[in-house]
Q: 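The structure's right below; bear with me while I get my questions together.
Numbers restart at 1 for each chain; the letters A, B, ... are given by sequence-line order, proteins then strands.
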Amino acid sequence: MLAQRHARIREIEALGFRSYGQRFDFTHTIPQILAGHGSMTGGELEPTIQVKVCGRIQTMRRMGKAGFAHLLQLGEKLQVYIRKDAVSERDFALYQLLDIGDIVGVSGYLFRTRTGELSIHAGELTFLAKTLLTMPEKWHGLEDVETRYRQRYLDLIANPEAQKVFITRSRVIASLRRQLEARGFIEVETPMMQPLYGGATARPFVTHHNTLDVDLYLRIAPELYLKRLIVGGLDRVYEINRNFRNEGISTQHNPEFTMLEFYQAYTDYQGLMDLSVELLRQTAMDATGSAIVEYDGRRLDFSSIRRLTMREAVIEFWMDAEGPSLENVRDPDWLKRHSSKATPGEMLVDLFERVAEAHLYEPTIIYEYPVETSPLSKNSLDDPAFVDRFEIYVAGMEIGNAYTELNDPQEQRRRFEMQLTMRERGDEEAHQMDEDYVRALCYGMPPTGGEGIGLDRLTMLLTNSRSIRDVILFPLLRPEGPIGIADELRALDDGGAAS
RNA sequence: GGGCCGGUAGCUCAGGCGGUAGAGCAUCUGCCUUUUAAGCAGAGGGUCGCGGGUUCGAGUCCCGCCCGGCUCACCA
């Protein structure tokens, strides 16, 4: 097959075409043609409209002295009609040599076929690039998930809906940027390689800088750097970038993933709740055209987001009919009877995760978190065992985490020391002491609200994708091993040189 | 890491009580000037994921390994 296609390059060149062509100045993209002329009748297409389009050949139906092909560009297709008496002899010879997957340019006029399909009546063909490998089958597309992830380019060619997912992803990110900029946030970039990792509980990837001879960690979160910027007086900052966590892979976890983090001085977690509700609603609108989307057969309404405390969620979703009372979930002894964790706060979180989390299908904000699991959040005024923090859950997934930032350096020092104790007890994920961060707080950080939103997961929800790998162009997989294409190409090259 | 499922032609998939491997699309040849899962006639194409074992004989049975999916654990 490879040899056959390779030989065809010479035949195409013998006709005077370049097998790998030059720039092509099209007049319209295929989506533009469909949008602009898709609803015009055959009659309205006269006088003729001349266009130049280009794309990849998706299908071919040859009928002797004429034929049809579908040209695919940007996930949409336009039919091309080529007939012997409408093109030059040379172009017709080229048409006969075309393979599905070749990239060509076509100039001609628009018309409707007998069956009513908008098509381009070819007057001239331009050869732009040759495919040497066969394309996936036309009506199933490429289904093998491993190939789809490893060879994403093939997935994007063969499955138009795969392109749509990544276009929506781009819209999600653009929408959030636009909304934050409109509110006076500025986009910043903070280190991906950090001497100390922090801002989340996770195991890091380690790398090494040769000249400085130091180990560095790929960041697990940008949080501590962004808050240094708040200290510095950049009152509203955000960053959209990758975090790296050296942990398991699943349908909801990829080792590198994209987070939006934003920090707003002089607000608190209540202010961020209101902002989040607005951001999510508008992002859903911008990405999908509606605040109501379908996910896995169920309805998600981003325009009405419930707010529940963690304790209320435990009560509401309790597995038995006779749920606990508010007094129960406040009572350390009651909690101890239902969880084996070390402290009342950890017990409550444990219960919440077991009882409620999977049921949080409709977009829901959960607030009032215990202090033990939140080393960087500010204590609640009315209960120092809790912090002013909330998380956003949709379809059973956590997609956002926000809190009033702890800005008291003494308290922050004590929290870090508490984490160090946990670390000594063997908790690898406990937070490290970051003295420069404490020093920054010593200069005074204004009251601040900070939030992180997982953009991969948000994109999953807005594209109806069940796996995070479907919204990451190149998800991490084990390396593939030898492919052998270089050897095959070299063999063809040697053969060509010899002949 | 555990459990379950999968890997057969370029693609999508069948098949199998152990006996020389199948279809559709794609490819090649011929016919066909409005087709659209175009059609008709013919042809080629496979170390059945890899390695061992059992057997006269393994794609099929057994063991190990590789790759992937789902799921549980951990996390966002």
Q: Determine the Euclidean distance between corresponding P atoms of C61(B) and C17(B); express it in Å to zero decimal places.
A: 10 Å
Q: Using a cut-off of 4.0 Å on non-hydrogen atoms, how would the nucleic acid contact of Asn254(A) be classed: base, sugar-phosphate, or nothing?
A: base
Q: Base, sugar-phosphate, or nothing: which does Arg148(A) touch, judged by heavy atoms less than 4.0 Å apart?
A: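 Arg148(A): no heavy atom of the nucleic acid under 4.0 Å.
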Q: Pick base, sugar-phosphate or nothing for Thr201(A), based on heavy-atom distances below 4.0 Å to the nucleic acid.
A: sugar-phosphate
Q: Check every strand shown and say whether Glu117(A) touches a base, only sugar-phosphate, or nothing at a heavy-atom separation below 4.0 Å.
A: base
Q: For Gly141(A), which contact category applies under a 4.0 Å heavy-atom criterion: base, sugar-phosphate, or nothing?
A: sugar-phosphate
Q: 5'-most contact on RNA chain B: His121(A) or Tyr149(A), nearest heavy atom basis?
A: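 The answer here is His121(A).
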Q: Partner lookup for A14(B), please. Criteria are Watson-Crick or G-U wobble with both distances under 3.5 angstrom; report none if nothing qualifies.
A: none
Q: Provide the distance between the two P atoms, one in G42(B) and one in G46(B), to the nearest whole Å.
A: 22 Å
Q: Are more than 12 heavy atoms from other residues, nucleotides or ligands located less than 6.0 Å from atom CZ of Arg307(A)?
A: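 Buried by this count: over 12 neighbours within 6.0 Å.
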Q: Under a 3.5 Å threshold, yes or no: a donor from one side chain and an acceptor from the other, between Glu143(A) and His140(A)?
A: no
Q: If I pick the C1' atom on A9(B) and the same atom on G22(B), what distance separates them, to the nearest angstrom?
A: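 Approximately 10 Å lies between the C1' atom of G22(B) and that of A9(B).
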Q: Which part of the nucleic acid does Leu142(A) contact within heavy-atom distance under 4.0 Å: base, sugar-phosphate only, or nothing?
A: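 Sugar-phosphate contact only - Leu142(A) comes under 4.0 Å of backbone atoms but never of a base.
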Q: Before accepting this row, confirm whether a basic side-chain N of the pair Arg5(A)/Asp99(A) lies closer than 4.0 Å to the acidic partner's carboxylate O.
A: yes
Q: Are Phe257(A) and the base of A76(B) stacked, counting only ring centres nearer than 5.5 Å and planes tilted under 30°?
A: yes
Q: What integer number of Å spans the C1' atoms of G18(B) and G57(B)?
A: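 Those two atoms are separated by 8 Å.
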Q: At 4.0 Å (heavy atoms only), tell me whether Arg5(A) reaches a base, stays on the sugar-phosphate, or touches nothing.
A: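 Touches sugar-phosphate only.
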Q: Measuring from atom CG of Asp456(A) to atom OG1 of Thr258(A), what distance do you get when rounded to the nearest 0.5 angstrom?
A: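 Reported to 0.5 Å precision, the distance equals 4.5 Å.
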Q: So, does the side chain of Thr113(A) form a donor-acceptor pair with the base of U35(B) at under 3.5 Å?
A: yes
Q: Please work out if Gln4(A) contacts a base, only the sugar-phosphate, or nothing of the nucleic acid, heavy-atom cut-off 4.0 Å.
A: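 It contacts sugar-phosphate atoms only.
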Q: With rounding to the closest Å, how many angstrom separate the C1' atoms on C50(B) and G59(B)?
A: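 One C1' to the other, the span is 14 Å.
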Q: With C1' as the reference atom in both, quote the distance from A23(B) to U8(B) in angstrom, rounded to an integer.
A: 13 Å
Q: Suppose you measure atom P in G1(B) against the same atom in G45(B); what distance do you get, rounded to whole Å?
A: 42 Å
Q: So what does Arg83(A) hit on the nucleic acid, given a heavy-atom distance under 4.0 Å: a base, only sugar-phosphate, or nothing?
A: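 The answer is base, as Arg83(A) lies within the cut-off (heavy atoms under 4.0 Å) of a base atom.
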Q: Checking ring pair (Phe, Tyr, Trp, His ring centres under 6.0 Å) for the pair Tyr393(A)/Phe352(A): CA distance, chi angles, key distance, verdict?
A: CA-CA 12 Å; Tyr393(A) 286 87; Phe352(A) 167 75; 5.5 Å; yes
Q: If I take atom CG from residue Leu335(A) and atom CG from residue Asp350(A), how far apart are they, to the nearest 0.5 angstrom?
A: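 Between Leu335(A) CG and Asp350(A) CG, I get 10.0 Å after rounding to 0.5 Å.
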Q: Check the distance between G1(B)'s C1' and Asn246(A)'s CG and give it to me in whole angstrom.
A: 14 Å
Q: Please classify the nucleic acid contact of Arg203(A) as base, sugar-phosphate, or nothing, using heavy-atom distances under 4.0 Å.
A: nothing
